[in-house]
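Following: one structure in structure tokens, then a few remarks.
It should be emphasised that the depicted structure is a prediction, and the values quoted were computed from it without experimental measurement. Letters go in sequence order (proteins before strands), and every chain restarts at 1.
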There are 2 protein chains.
Amino acid sequence: MFISIDFNSDEALYMQLRNQIIVGIATEMLKEGETLPSVRQLADNIGINMHTVNKAYSVLRQEGFVKLDRRKGAVVSLDIDKLKAIDEMTKDMRVVIAKAICKDISKEEAHMVIDSIYAEYGID
Amino acid sequence: MFISIDFNSDEALYMQLRNQIIVGIATEMLKEGETLPSVRQLADNIGINMHTVNKAYSVLRQEGFVKLDRRKGAVVSLDIDKLKAIDEMTKDMRVVIAKAICKDISKEEAHMVIDSIYAEYGID
DNA sequence: TGATTGTTATAGTATATGTATAACAGAAAG
DNA sequence: CTTTCTGTTATACATATACTATAACAATCA
């Protein structure tokens with residue numbers, strides 16, 4: 001697996017998990033229709049509790065990244081509502097951009113940051 | 001004051017405070033050299049505890065937005081290290097962009113989101 | 001002197017996080 | 001049918017974080 005958990009991080013374990021799975025989907029290491037490890041399996045693999053993995057999966061389902069199936073487990077399934085996604089992205093970025101402006105980062109420089117991250121994920 | 005706290009939010013009070021002050025600086029409602037209300041005064045004004053405001057101020061100082069002076073109080077004072085700021089911005093945006101890619105948001109659309117937020121803050 | 005500043009200390013409550021067990025219903029495979 | 005695997009749910013406990021409540025301190029300034 002591509003998951004690596006930092007137990008010393010101040011970020012909650014289930015959020016680290018959720019974030020890395022989202023990055024996994026973005027980079028196409030995880031593709032639509034693919035099945036994630038079962039909560040017990042992944043928990044055992046990482047060395048954390050089942051419920052922590054379950055919470056990450058629940059969040060991912062609620063955010064429209066996976067569907068949970070009692071027989072198959074967690075399946076990557078993207079629920080795409082673009083207007084909603086853009087609205088959410090705007091909310092997520094407001095404080096980040098405010099910080100940037102305080103630190104004298106121009107709109108053009110912000111664009112460059114965006115581009116570099118898209119490039120990290122293999123998009124140019 | 002321009003501060004409005006949502007007690008039903010899942011976001012910590014001191015983080016709401018910290019975020020709104022950063023936005024205040026970005027929009028130039030708060031300018032370099034200006035003094036923020038004292039921790040007791042602002043706490044009283046909002047209806048929260050002194051320590052909560054103090055924590056917000058401490059975070060803002062640690063992040064280089066204000067300096068704390070025993071006589072004057074908290075003074076807006078931007079410590080600008082652009083390389084560090086860009087690095088931090090990149091970190092803040094990684095998961096946001098991963099989410100965006102999953103939701104089929106293109107680089108160009110991300111640029112537009114950036115631009116709209118800069119516009120919100122009066123920059124075009 | 002008296003009021004105000006940030007700072008520090010202590011203590012209590014509430015919530016969030018993570019763990020530990022356990023059990024359940026549905027589905028798949030033997 | 002039995003076994004084994006899913007996600008799901010329930011309970012309980014420990015720990016950390018967030019927030020509040022008082023209180024006191026040194027430094028500053030009117």
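- A heavy-atom distance below 4.5 Å is not found between the side chains of Val76(A) and Lys31(A).
- Of the residues in residues 13-24 of chain B, none lies under 4.0 Å from DNA chain C by heavy-atom distance.
- An OP1 or OP2 oxygen of dT4(C) is reached within less than 4.0 angstrom by no side-chain nitrogen or oxygen of Ser38(B).
- Contacts between chain B and DNA chain D, taken as any atom within less than 4.0 angstrom of a protein heavy atom, begin and end at dA18(D) to dC29(D).
- Pairs engaging residues 56-65 of chain B under the side-chain hydrogen bond (donor to acceptor under 3.5 Å, both in side chains) rule: Arg18(B)-Glu63(B) [sequence neighbours left out].
- The salt bridge (charged side-chain N to carboxylate O under 4.0 Å, His left out) test applied to Arg94(A) returns Glu120(B), not counting sequence neighbours.
- Applying the ring pair (Phe, Tyr, Trp, His ring centres under 6.0 Å) test to pairs two or more places apart or on separate chains, none has a residue in residues 59-102 of chain A.
- Protein atom CG of Asp44(B) is 16 Å distant from nucleotide atom C1' of dG6(C), rounded to whole Å.
- Taking atom CG of Asp10(A) as the reference point, atom C1' of dA16(C) lies 14 Å away to the nearest angstrom.
- Looking at residues 55-65 of chain B, you'll see Arg61(B) sit with a heavy atom under 4.0 Å from some atom of DNA chain C.
- With sequence neighbours left out, the salt bridge (charged side-chain N to carboxylate O under 4.0 Å, His left out) criterion links Lys91(B) to Asp87(B).
- Residues meeting the ring-ring contact (aromatic ring centres under 6.0 Å, His included) test with His111(A), sequence neighbours left out: His111(B).
- Note on the helix from dT1(C)-dA30(D) to dG30(C)-dC1(D): terminal axis deviation equals 20°, with five pairs used at each end and the result rounded to 10°.
- Nearest heavy atom pair, residue Cys102(B) against residue Ala26(A), reads SG-N, 3.7 Å.
- Looking at which nucleotide of DNA chain C each of Phe7(A) and Asn54(B) is closest to, the 5′-most match is held by Asn54(B).
- In this structure, Ile48(A) atom CD1 and dG18(C) atom P are separated by 8 Å, rounded to whole Å.
- Between Thr52(A) and dT19(C) there is a side-chain polar atom (N or O) within less than 4.0 angstrom of OP1 or OP2.
- Applying the ring pair (Phe, Tyr, Trp, His ring centres under 6.0 Å) rule to pairs touching residues 75-110 of chain A yields nothing, sequence neighbours excluded.
- Taking only distance into account, the side chain of Arg40(B) meets the base of dG6(C) through a donor-acceptor pair shorter than 3.5 Å.
- Nearest-nucleotide positions on DNA chain C for His51(A) and Asp69(A) put His51(A) closer to the 5' end.
- Checked for salt-bridge contact, Lys99(B) and Asp92(A) meet the test: a charged N lies under 4.0 Å from a carboxylate O.
- A donor-acceptor distance shorter than 3.5 angstrom exists from the side chain of Lys103(A) to the backbone of Gly64(B), with no hydrogens or angles considered.
- Atom CG in Asn49(B) sits roughly 16 Å away from atom P in dA14(C) (whole-Å rounding).
- With DNA chain D read from its 5' end, the first of the two nearest nucleotides for Gly73(A) and Met50(A) is the one closest to Gly73(A).
- For Asp6(B), the side chain to side chain contact (heavy atoms under 4.5 Å, CB included) partners at least two apart in sequence or on another chain are Asn8(B), Ser9(B), Gln16(B).
- A donor-acceptor pair is defined here as one N or O able to donate and one able to accept, closer than 3.5 Å; such a pair exists between the side chain of Tyr118(A) and the backbone of Ser106(B).
- With sequence neighbours excluded, the residues satisfying side chain to side chain contact (heavy atoms under 4.5 Å, CB included) with Glu32(A) are Ser77(A), Leu78(A).
- Across Met93(A) and Met93(B), no two heavy atoms sit closer than the pair SD-SD, 3.3 Å.
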